[in-house]
Amino acid sequence: MATDLPISTTADTEVAPRRSKPTSRLTLVWRRLRSTPRFWVGGIMLGFFVLFAIFGNTINIYTPTDQDIHALNEAPSPQHWFGTNTIGQDIYAQTVAGLQKSLLIGIIAGPAASLLAAIIGSTAGYFGGRIEVVIVWFINLLLVLPAFFILVLLAPMLRQLSWMAIVVFLALFGWMIMAQVVRNQTKAIKDRDFVKAARYMGVSTPRILSRHIIPNVASILIVDATLGVVSAILTETSLSYFNLGIQKPDVSIGTLLAEGSGAAVTRPWLFVFPAGVLVLMLFAISLMADALRDAIDPTSGVNRD
């Protein structure tokens, strides 16, 4: 007697659907940034100022140090687009050169301070004990000591050095608060399973910090570095305005504002153009930093756009 064969059904022959790969954090952040108008507005504005700083003087016949004795204190004209100062120097050429220096200082000093915060903060949080006590004591000491007073003491020496001395100063006194944040984040991460597994496998401490600790706090460091650019540019501008930063013959936005502030009413082009470039550039960077913070932490700015 023939046995009944099992009847196959569609359900038996169906192949289980493949699971899609999980979306990486970087991809999620980029998707959020793409849908944020603030990111595009800030990015386009910042891109314009970067190109302006790099190529702005290629279309100008004057250099920042050229003097046109036939156009002293001249208002903006087809020959001198931003006007001239009391000795006939072209304000457009000086604004481009000043933007180059201020932007370069900010781009170097801001991320450098965040890098110091990452290294020192993660070291304190990971090791704990006496090492953490010493580092926290040092951080608190630097936070108590006013950086401005230290700068006044160092001003004679800084005047004799190049603009890189300003970068070093800004980086050395801009990392303390973020280091405290990184320390607290590290203390919460170091007891997770993947860190314990790396430790038990004999992975060296520097590699654990660079491969497992710092990447997990990278989001706040990226935002801090972006905002650090704004802070560094503002600090450098303030220092140069009070003759404690960039020294002649170098020029920055701060030195231009210092020279033009006294004639802001009678000869407004000396002050308005450098000030306008500074304000718009900082506004662009702030927009990008704000959008980046919301993309990394969506709860920080719900329904802004």
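All values below come from the heavy atoms of this structure, side chains included, with hydrogens, waters and symmetry mates left out. In this chain, residues are counted from 1 in sequence order. If you're wondering where the values come from, they're calculated on a predicted model, not measured in any experiment.
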Next on the checklist: My understanding is that a hydrophobic cluster links ILVMFWY residues whose side chain heavy atoms are under 4.5 Å apart, including indirect links. Using that, what else belongs to the cluster containing Leu115?
Outcome noted: Ile119
Ignoring hydrogens and angles, write down the donor-acceptor pairs under 3.5 Å from the side chains of residues 262-279, residues two or more places apart or on other chains.
| unit_1 | atom_1 | unit_2 | atom_2 | d |
| --- | --- | --- | --- | --- |
| Arg267 | NH1 | Asn73 | OD1 | 2.5 |
| Trp269 | NE1 | Glu74 | O | 3.4 |
| Trp269 | NE1 | Thr84 | O | 3.0 |

Next on the checklist: Can you list everything that forms a side-chain hydrogen bond (donor to acceptor under 3.5 Å, both in side chains) with Tyr126? Sequence neighbours excluded, please.
Outcome noted: Arg199
Checklist entry - Which residues satisfy the ring-ring contact (aromatic ring centres under 6.0 Å, His included) test with Tyr92, sequence neighbours excluded? => result Phe52, Trp81, Phe82
Anything under 3.5 Å between a donor and an acceptor, one on a side chain of residues 202-213, the other on a protein residue two or more places apart or in another chain? List them.
| unit_1 | atom_1 | unit_2 | atom_2 | d |
| --- | --- | --- | --- | --- |
| Ser210 | OG | Pro206 | O | 3.0 |
| Ser210 | OG | Arg207 | O | 3.2 |

Next on the checklist: Quick test of your reading: applying side chain to side chain donor-acceptor pair (under 3.5 Å), list the pairs with at least one residue in residues 44-60, sequence neighbours left out, ordered by first then second residue.
Outcome noted: Asn60-Asp90
Item to check | Partner residues of Asp66 under the salt bridge (charged side-chain N to carboxylate O under 4.0 Å, His left out) criterion, sequence neighbours left out | outcome: none
Checklist outcome for this item: So the side chain to side chain donor-acceptor pair (under 3.5 Å) pairs with at least one residue in residues 188-197 (sequence neighbours excluded) are none
Residues 130-144 side chain polar contacts: donor-acceptor under 3.5 Å, at least two apart:
| unit_1 | atom_1 | unit_2 | atom_2 | d |
| --- | --- | --- | --- | --- |
| Glu132 | OE2 | Arg183 | NH1 | 2.5 |
| Glu132 | OE2 | Lys187 | NZ | 3.3 |
| Asn140 | OD1 | Gln180 | NE2 | 3.4 |
| Asn140 | ND2 | Val136 | O | 3.2 |

Checklist entry - Going by the side chain to side chain donor-acceptor pair (under 3.5 Å) test, which pairs reach into residues 102-121, not counting sequence neighbours? => result Ser102-Glu236, Ser114-Asp224
Item to check | Leu256: hydrophobic cluster co-members (side-chain, 4.5 Å) | outcome: Val251
Item to check | Contacts of type side-chain hydrogen bond (donor to acceptor under 3.5 Å, both in side chains), residue Glu259, not counting sequence neighbours | outcome: Lys248
